[in-house]
Engineer: 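Shown below is the structure under consideration.
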Amino acid sequence: MHPDDTAPATPAAPTSTPPPAPSRGGRRLRSIAVTLGLGAAMFAAGAVLLTPDGTTAPRPASHGRPAGAPGGTVEALQARVARLPKDPGGWAALGMAYVQQARTTADPATYDRAEKALRTSLSVQGEDNTDAETAMGALAAARHDFPTALRWARKAVAGGPYNSSAHGVLADAYTQLGRYDEADEAVQKMVDLRPDAASLARASYAFELKGDTDRARALMRRSLAASATPAERAFAHTVLASLDLQDADPRAALAETRTGLTAAPDDPALLETRARAHLARGDTTKAVADYRAAVAIAPLPHHLLGLGELEQSLGNGERAEESYALLRAQDRIREAAGDPADTDAILFEADHGSPRRAVTLAERTLRARPFVAVHDAYAWALHRAGRHTEALAQADRALALGTRSALFRYHRAAIHHALGDDEAARRDLTEALREPRFHPLHATTARDLLQRIDTTP
């Protein structure tokens, strides 16, 4: 892939891992961050977002829809299938609309409605129903069941080899399963088929995961230029602002988010990103206001955790506990459903609950999702539980691609320090603090630790 203006219309997939770059914390690593919104793959929208703590969050689904499927709001699609109950494309589109609705409302019951709609589509047309198969893959990814997402995506690609969205879900599943070379191949195929906003966004993410933020930014600029909907443009501005924050340029990040919010004033991802930009500039009042606005629109775990830890850092314990209580309630719902924890839940448990339970959560999640952010969360849980040697092996795996994440670096620095390797800890702390306010709580701890190391004979 070429980041300059002379690049070909279809960028080539990465064929090798670029040299490791400093980790400064990225947004797209979450449910970043997500996460714990995904962390999952978005059906026609691009890969996932990297958040400050290295977890993953979903990209907006309105970037596209299954080829041949009708679009529209949930209400319009409900009316359509009521009129045309034998329309498989209508049921597939309704199922995908439910998936997106669940992502933005954090209502897991909506996923059940999505599955019912998609199963109906498949019952109406059991063969050659690429739209429903692709959406089933996206639904499984949204539930963080990536092995199942991979199976559906492979089926969709086999039946619809020229369906760009199917290759996108395939790429997302491979990414979250830690199969990065195969993910790159799927991204390349998606771009070959349709070099649009969604495929260019995935190509950007492939480079960002490997630490090449210059190419990631150039490709996101191209994705922005190719954007055809307000949601696509809002997403592109969110990612570009997050890359600015990784480069310790909060002024540019604020400008990017303001541009996006002018057209989409209620976009929760843009609000959360602007909150982090305000925090990076030391304006905690505006940061809290934007976090609260994002939570009011979409009470996703990474929004709640960000707000709670910011309130805690300001000494507002009761307000922090309000966010933490909601996180615990969400985790009880997840546990009752038997779903694996996302990285936000693991990190929250490690820092604000039981490290031993965090280890257990991480071990279960890692078995089904060996993604870099899960290795990092597992490393931190092991460290907090006093198992530092095991933690270091996981922290090394989290950074093996060269991903730039200030939080990943801080986590490994603390592990190195616990093992008595202060020189290695100093290197990671120095890289982490290139983004001086990478976390409302841990950034202060990182500065204190680096000062102690530097003043220790």
Side-chain angles (χ1 to χ4, degrees), residues 16-26 29-30 32-33 36 39 50-56 144 146-147 174-183 209-211 340-351 353-432 438-439 442 445-446 449-450 453:
S16 62
T17 301
S23 171
R24 302 182 189 176
L29 271 176
R30 195 186 289 231
I32 103 183
L36 263 329
L50 298 181
T51 52
D53 64 356
T55 55
T56 52
H144 302 164
F146 295 104
Y174 276 138
T175 297
Q176 296 296 317
L177 291 169
R179 297 166 64 171
Y180 305 109
D181 290 342
E182 290 162 293
L209 268 181
K210 297 172 178 66
D342 205 335
T343 49
D344 284 321
I346 297 166
L347 294 171
F348 173 69
E349 192 66 27
D351 284 328
S354 165
R356 291 182 64 182
R357 180 171 182 266
V359 169
T360 301
L361 294 175
E363 288 173 343
R364 181 186 175 198
T365 299
L366 192 64
R367 284 194 291 271
R369 185 186 168 201
F371 180 57
V372 291
V374 182
H375 285 294
D376 170 73
Y378 186 27
W380 190 241
L382 287 166
H383 166 69
R384 295 281 291 169
R387 297 163 60 180
H388 310 304
T389 302
E390 296 167 87
L392 181 59
Q394 293 298 322
D396 285 342
R397 295 191 69 175
L399 287 160
L401 289 179
T403 305
R404 295 173 62 174
S405 167
L407 195 69
F408 286 16
R409 288 284 191 170
Y410 164 69
H411 285 165
R412 192 169 69 174
I415 294 165
H416 278 308
H417 178 66
L419 291 170
D421 190 345
D422 281 351
E423 185 55 39
R426 179 187 287 107
R427 288 195 297 270
D428 277 336
L429 288 169
T430 300
E431 293 298 340
F438 67 87
H439 189 277
H442 295 317
T445 306
L449 178 57
L450 182 59
I453 290 173

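Basis for what follows: all heavy atoms, side chains included, without hydrogens, waters or symmetry-related copies.
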Engineer: Test of understanding: with side chain to side chain donor-acceptor pair (under 3.5 Å), list the residues that count as partners of D351, not counting sequence neighbours.
Structural biologist: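 Residues passing side chain to side chain donor-acceptor pair (under 3.5 Å) with D351: W380, H442.
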Engineer: Within the side chain of T365, is there an N or O that forms a donor-acceptor pair under 3.5 Å with the backbone of P340?
Structural biologist: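 Looks like no, no N/O pair under 3.5 Å.
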Engineer: What are the two closest non-hydrogen atoms of L407 and D376, and how far apart are they?
Structural biologist: O-OD1, 4.5 Å
Engineer: Between P355 and G353, what is the shortest heavy-atom contact and its length?
Structural biologist: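 In this case the closest contact between P355 and G353 is CD-O, 3.5 Å.
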Engineer: Kindly give the heavy-atom pair with the smallest separation between A381 and A350, and that separation in Å.
Structural biologist: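 Taking every non-hydrogen atom into account, CA-CB, 4.1 Å.
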Engineer: Indicate yes or no for a side-chain donor-acceptor contact from T403 to the backbone of L209 under 3.5 Å, with no hydrogens or angles considered.
Structural biologist: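 Present.
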Engineer: Got a sec, which residues hit salt bridge (Lys or Arg N to Asp or Glu O under 4.0 Å) with D421, two or more places apart in sequence or on another chain?
Structural biologist: none
Engineer: Between T343 and A377, which heavy-atom pair has the shortest distance, and what is it?
Structural biologist: CG2-CB, 4.0 Å
Engineer: Could you pull out all residues at least two apart from R397 that satisfy salt bridge (Lys or Arg N to Asp or Glu O under 4.0 Å)?
Structural biologist: none
Engineer: Hey, what do you get for CD1 (I346) to CZ (R364), rounding to the nearest 0.5 Å?
Structural biologist: 10.5 Å
Engineer: Once side-chain contact (heavy atoms from CB on, under 4.5 Å) is applied, do any residues pair with R357, and if so which ones, sequence neighbours excluded?
Structural biologist: D331, R334, E335, E349, S354, L361
Engineer: State whether the side chain of R409 and the backbone N or O of E431 hold a donor-acceptor pair below 3.5 Å, judged by distance alone.
Structural biologist: no
Engineer: Taking side chain to side chain donor-acceptor pair (under 3.5 Å) as the definition, give me every residue that meets it alongside H375, ordered by chain and number, with sequence neighbours left out.
Structural biologist: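 Listed in chain order: Q394.
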Engineer: Taking all atoms of both residues into account, what is the closest heavy-atom pair of F146 and A368, and its distance?
Structural biologist: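 Minimum heavy-atom contact is CB-O, 4.3 Å.
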Engineer: Can you measure from NZ (K210) to CG (L401) and round to the nearest 0.5 angstrom?
Structural biologist: 6.0 Å
Engineer: Give, for atom CG of L392 and atom CD1 of I415, the distance between the pair rounded to the nearest 0.5 Å.
Structural biologist: 6.5 Å
Engineer: On a heavy-atom basis, which atom in A362 and which in V374 lie closest, and how many Å separate them?
Structural biologist: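 Looks like O-CG1, 4.4 Å.
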Engineer: Going by atom types only, do D422 and H416 share a side-chain donor-acceptor pair under 3.5 Å?
Structural biologist: no
Engineer: Any chance you could measure F408, atom CZ, to D428, atom CG, to the nearest 0.5 Å?
Structural biologist: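 CG of D428 is found 12.5 Å from CZ of F408.
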Engineer: Quick check: are there more than 12 heavy atoms from other residues, nucleotides or ligands sitting under 6.0 Å from CZ of R356?
Structural biologist: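 For R356, atom CZ is not crowded (no more than 12 foreign heavy atoms under 6.0 Å).
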Engineer: Rounded to the nearest 0.5 Å, what's the gap from CZ on F371 to CG on D342? Could you check?
Structural biologist: 10.0 Å
Engineer: Suppose we screen for side-chain contact (heavy atoms from CB on, under 4.5 Å). Which residues come up paired with E363, at least two apart in sequence or across chains?
Structural biologist: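 So E363 forms a side-chain contact (heavy atoms from CB on, under 4.5 Å) with V359, R367, Y378, R387.
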Engineer: With rounding to the nearest 0.5 angstrom, report the CG to CG distance, L449 to L429.
Structural biologist: 5.0 Å
